[in-house]
Amino acid sequence: MKKIVWGLCLMGVAAPVSAAFFQQKADEQAEAKAESPVKVNVQGADEALAENLRALLPSLRALKCDSPTDRVARFIEASDEKLQEAAEAVGYYDARFNVTPVRQAQCLALNVAVVPGEPVKVTDVKVQISGVGKDLPQFRELAAAPPYQVGDILIHQKYEDFKTSLNRTANSLGFFDAEYVTRTIEVNPDTRQAQVRIHFDTGKRYRVGKVAVQQDVLDDKHLQRFIRVHQGDTYDVEAIRKQQQLLEGGNYYSEVLVSSDYEKAVNGEVPIKIEAKRRKRYSYTGKVGYATDSGAHAEAGMDIHWVNAKGHKLNTRGSIGQTEQSVEATYKVPLWNPEHEYTSLAVGWRKSDSGDIESRATKVGLDYNRRNKSDWQQTVFINYLNETTQVKGEAATNAQLTLAGARVKKTKVDDTPFARNGWTLGAELQGAQQGVLSDQSLLQAKLQGKRLQTLSNNGKVIVQANLGTTLTDDLNEVPKSLRFFAGGANSVRGYGFESLGEKNADGEVIGGKHLLTSSVEYEHPLVDKWSAAAFVDAGNAFDDTSKLTMKVGAGFGVRWKSPLGPVRADLAVPKDDTSDVHFYFSLGPDL
C-alpha cells in the first residue's frame with residue numbers, strides 16, 4: 001500500500017507536518033512549556049526523534065504538579081496523533097508510543113516510551129528542472145545535489161530545505177512565475193520505502209525596470225558612475241546587493257536602501273528604487289599611543305566626505321610625538337569606476353628625530369590608484385621631495401628628488417578586524433634621475449609580506465618579513481626618509497625606534513641601503529576575549545650584505561579584542577642585553 005505524504009494542494013492530499021513546523025512550534029511553545037513544572041521524559045528514541053516528539057506535544061501550560069487524573073488523561077489522548085506526526089517527519093512511520101504519568105520530585109511527570117521500529121528509506125529520487133532557467137549554473141548545481149541519496153532515511157526537513165533552495169534561487173534570479181509541476185513523496189509503509197519526485201518549472205525571467213534613485217549628495221552625471229543596475233538587465237538579487245554595497249562603500253551615505261517589487265512589474269520589468277540618506281559631511285578621528293622607544297604620540301584627523309557634487313574628498317592628518325611630527329592633506333578624485341579607481345594629490349610636512357639623525361621634509365605627490373579583478377591595489381605615482389637631513393655632530397645635507405614609481409598590494413582576510421586566517425603582500429619600486437628635477441640618482445625597491453594562520457586549538461601563528469634595497473652612489477646624500485632603519489614596535493621589538501642600522505665614526509646610527517627583518521609570533525587564547533602572545537623578531541639595516549649581522553629580540557605580551565579592534569601590549573628585550581626591557585602598545589587589525 002502506497003501513501004502520498006506530500007503533494008500539490010490541488011491533488012487533495014493531506015500532508016503531515018514537517019520538522020520545520022515542529023521547530024517553529026517548539027519556539028512558539030517554549031515559553032508556555034517553561035511555565036509548567038511538569039517534565040517530559042522520552043525513552044527509546046534517538047536524539048532527532050526525541051526532539052521532534054517534545055516539539056509537537058500539546059502545550060503543558062494546563063498541567064500542574066497536582067493536575068487531576070482526568071485532565072492528564074485528556075492531555076495524553078491529545079498527544080497520540082501529534083506524536084505519530086512527529087515520528088513520520090523524521091522517517092519513522094511504524095513507531096509506537098506509550099505515555100505514562102508518574103510522580104517525580106514531588107511533581108507530575110510524563111514518561112514517553114517509544115518503540116520506533118525501522119525507518120522508511122528512500123529508494124528512488126527524481127529531480128527535474130525545466131523552463132528558461134534550467135541551464136543556469138545555480139539551477140544546475142541544485143539539480144546535481146538532490147535532497148536524498150538512495151538509502152537515506154526519509155527526513156522530511158531535507159525535502160523542505162531543497163524546495164526552499166529552489167524557491168529562493170528562483171526569486172533571487174527573477175523567475176517570479178516559477179512553479180512546481182510535481183512535488184510528491186510516495187511512501188510504502190509495508191516495505192518502508194519512499195520515492196521522491198520533484199519537477200520545478202522556472203517560467204520566464206523578469207528584467208530590471210526603471211531605476212529610481214533618491215539622494216542629495218552627487219549630481220546626476222557623477223551619480224551614474226556608481227550605478228551598475230540598469231533598465232533591461234536580467235533581474236539578479238546578487239547584482240542588486242552589490243549595487244547597495246557600492247553606494248555604501250562610497251562613504252557618502254549613512255544608509256542605503258535598495259528595494260524592488262515584482263508585483264508592480266510592467267511587461268516583465270521590475271522597478272528598482274534606491275534611497276540613500278546622506279551621512280555627516282565631516283568626521284573626526286584621534287588616537288594616542290605609547291612605546292618605550294618612541295615615547296608618547298597622538299594623532300588627529302578630519303575627513304570631508306564630499307567637497308562638491310562631483311564626490312571629491314579631502315582628508316587631513318596631523319601627528320605629534322617625541323620622535324616624529326607631521327601634517328598632511330590629501331585631495332581625492334573618484335574616476336570612472338569610483339569603487340576601485342581614483343587619483344589623489346597629497347601635500348605634507350614631516351619632522352623625524354631618532355636621536356642620532358633627524359630630518360625635515362616637504363613632499364608633494366600625485367598618484368593614480370586602481371584595484372583589478374584579482375583585488376590587487378595598484379598605484380603609480382610621482383612625488384617631489386625636498387628634505388634636509390642632519391646626523392648628530394655633522395653638517396646638514398639637503399636633497400631635492402622627483403621620484404616616480406609604482407606599488408602593488410593585496411590583503412586577503414577572512415574577517416576584520418579579528419582575522420583568523422589571511423595574508424598580505426606588497427611591493428614598491430621608485431627612482432629618481434639626476435638632472436630631471438633631482439640632484440641625485442637612485443633606485444629603491446621594497447617587498448613586504450605577512451601570513452596569519454589559526455590552528456586547531458584556536459591559537460594563531462603570525463609570520464612576517466620585510467625586504468628593501470637601494471641603488472645609490474653615496475648613502476650620505478640620501479635623505480633620511482629614503483634610508484632604511486630597523487628596530488621598534490613595527491620592526492625588531494626589543495630595540496629602540498630606528499636604533500638599528502649602519503653607524504658613522506662617532507657611533508651614530510645613520511641608516512642603511514638595505515633592509516631585512518622577520519618575525520614569528522604565536523598567540524594563545526586564554527579566556528573570553530583575552531590571549532597571550534610570544535614572539536621572536538630578527539633583522540637589521542645595512543650597506544654590505546657580507547657584513548650583515550641579524551639583531552634578535554624576543555618577548556611576550558597580551559591581546560584583547562576590544563570594541564575598536566585588537567589591542568596589544570608587549571614587553572621585549574634584545575638578545576645581546578636582556579636587561580634592556582622595551583614596552584609597546586598598539587591598536588589595530590593583524591592584517
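These values consider heavy atoms only, across backbone and side chains, with no hydrogens, waters or symmetry-generated copies.
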* To do: Tell me yes or no: between the side chains of T323 and D353, is some donor less than 3.5 Å from an acceptor?
  => no
* Asked: H582 vs Y584 aromatic rings, parallel, tilted or perpendicular, using cut-offs 30° and 60°?
  -> parallel
* Asked: Under the salt bridge (Lys or Arg N to Asp or Glu O under 4.0 Å) criterion, do R493 and D570 qualify, and how do the steps go?
  -> CA-CA 9 Å; R493 286 166 287 187; D570 292 326; 3.3 Å; yes
* Qualifying ring pair (Phe, Tyr, Trp, His ring centres under 6.0 Å) pairs with a residue from residues 429-487, counting only residues at least two apart or across chains -> none
* To do: Answer yes or no: does atom CG of D473 have more than 12 heavy-atom neighbours from other residues, nucleotides or ligands under 6.0 Å?
  => no
* How about R370 and Q378: does a side-chain donor come under 3.5 Å of a side-chain acceptor? -> yes
* To do: Verify the distance criterion only: is there a donor paired with an acceptor across the side chains of S344 and D367 at less than 3.5 Å?
  => yes
* To do: Classify the side-chain pair S260/Y235 by whether it contains a donor and acceptor separated by less than 3.5 Å.
  => yes
* Salt-bridge present (K310, D219; N to O < 4.0 Å) -> no
* Asked: Looking at residues at least two apart in the chain, or sitting in another chain, which of them share a ring-ring contact (aromatic ring centres under 6.0 Å, His included) with F381?
  -> none
* To do: With side chain to side chain donor-acceptor pair (under 3.5 Å) as the test, would you mind laying out the steps for E477 and Q440 before giving the verdict?
  => CA-CA 8 Å; E477 297 299 322; Q440 61 181 284; 5.1 Å; no
* Is the number of heavy atoms from other residues, nucleotides or ligands under 6.0 Å of K363 NZ greater than 12? -> no
Expected list for residues 251-259: side-chain donor-acceptor pairs under 3.5 angstrom, two or more places apart:
unit_1, atom_1, unit_2, atom_2, d
Y252, OH, G311, O, 2.6
Y253, OH, Q215, OE1, 2.7
S254, OG, K277, O, 3.4

* **Pair T389-T397, side-chain donor/acceptor within less than 3.5 Å** => no
* To do: Could you tell me whether R140 and D135 make a salt bridge, using a distance below 4.0 angstrom between a side-chain N and a carboxylate O?
  => yes
* With sequence neighbours left out, write down each residue that passes side chain to side chain donor-acceptor pair (under 3.5 Å) with E502, or none if nothing qualifies. => none
* How would you list all residue pairs meeting ring pair (Phe, Tyr, Trp, His ring centres under 6.0 Å) that involve residues 324-368, not counting sequence neighbours? -> H312-Y331
* Under 4.0 Å between a Lys/Arg side-chain N and an Asp/Glu carboxylate O for K480 and E358? -> no
* Structure fact -> Output for pair (T411 OG1, L425 CG), nearest 0.5 Å, gives 9.0 Å
* Asked: Do T169 and Q138 have side-chain N/O donor and acceptor atoms under 3.5 Å apart?
  -> no
* When you look at E387 and S481, which way does the side chain to side chain donor-acceptor pair (under 3.5 Å) test go after all the steps? -> CA-CA 8 Å; E387 183 170 351; S481 65; 2.5 Å; yes
* Any donor-acceptor N or O pair under 3.5 Å, side chains Q390, E394 -> no
* Asked: Only one of R278, R281, R279 forms a salt bridge (charged side-chain N to carboxylate O under 4.0 Å, His left out) with D216, so which one is it?
  -> R278
* Indicate whether any N or O donor in one side chain lies under 3.5 Å from an N or O acceptor in the other, for D356 and S354. => no
* Asked: Just one of K332, R317, K280, K313 clears the salt bridge (charged side-chain N to carboxylate O under 4.0 Å, His left out) bar with D303, so which one?
  -> R317
* To do: For T379, enumerate each residue passing the side chain to side chain donor-acceptor pair (under 3.5 Å) test, keeping only those at least two apart in sequence or located in another chain.
  => N369
* **Donor on one side chain, acceptor on other, Q434 and D439, under 3.5 Å** => no
* Any chance NZ of K242 has more than 12 other-residue heavy atoms, nucleotides or ligands included, within less than 6.0 Å? -> no
* Asked: Can a salt bridge be assigned to the pair D576 and K551 using a cut-off of 4.0 Å between side-chain N and carboxylate O?
  -> yes
* Answer yes or no: are there more than 12 heavy-atom neighbours, outside F556 itself, under 6.0 Å from its atom CZ? => no
* Using the side-chain contact (heavy atoms from CB on, under 4.5 Å) rule, pick out the option among V478, D543, N476 that qualifies with I510. => N476
* Other residues, nucleotides, ligands: >12 heavy atoms within 6.0 Å of N421 CG -> yes
* **Distance-only polar pair, side chains of Q453 and R451, donor-acceptor under 3.5 Å** => yes
* Under the salt bridge (Lys or Arg N to Asp or Glu O under 4.0 Å) rule, what do E328 and R350 come out as? Steps first, then yes or no, please. => CA-CA 8 Å; E328 183 179 25; R350 179 173 179 258; over 6 Å; no
* Asked: Strictly by modelled atom types, are H514 and T469 linked by a side-chain donor-acceptor pair under 3.5 Å?
  -> yes
* Is it the case that more than 12 heavy atoms not belonging to K450 sit under 6.0 Å from its NZ atom? -> yes
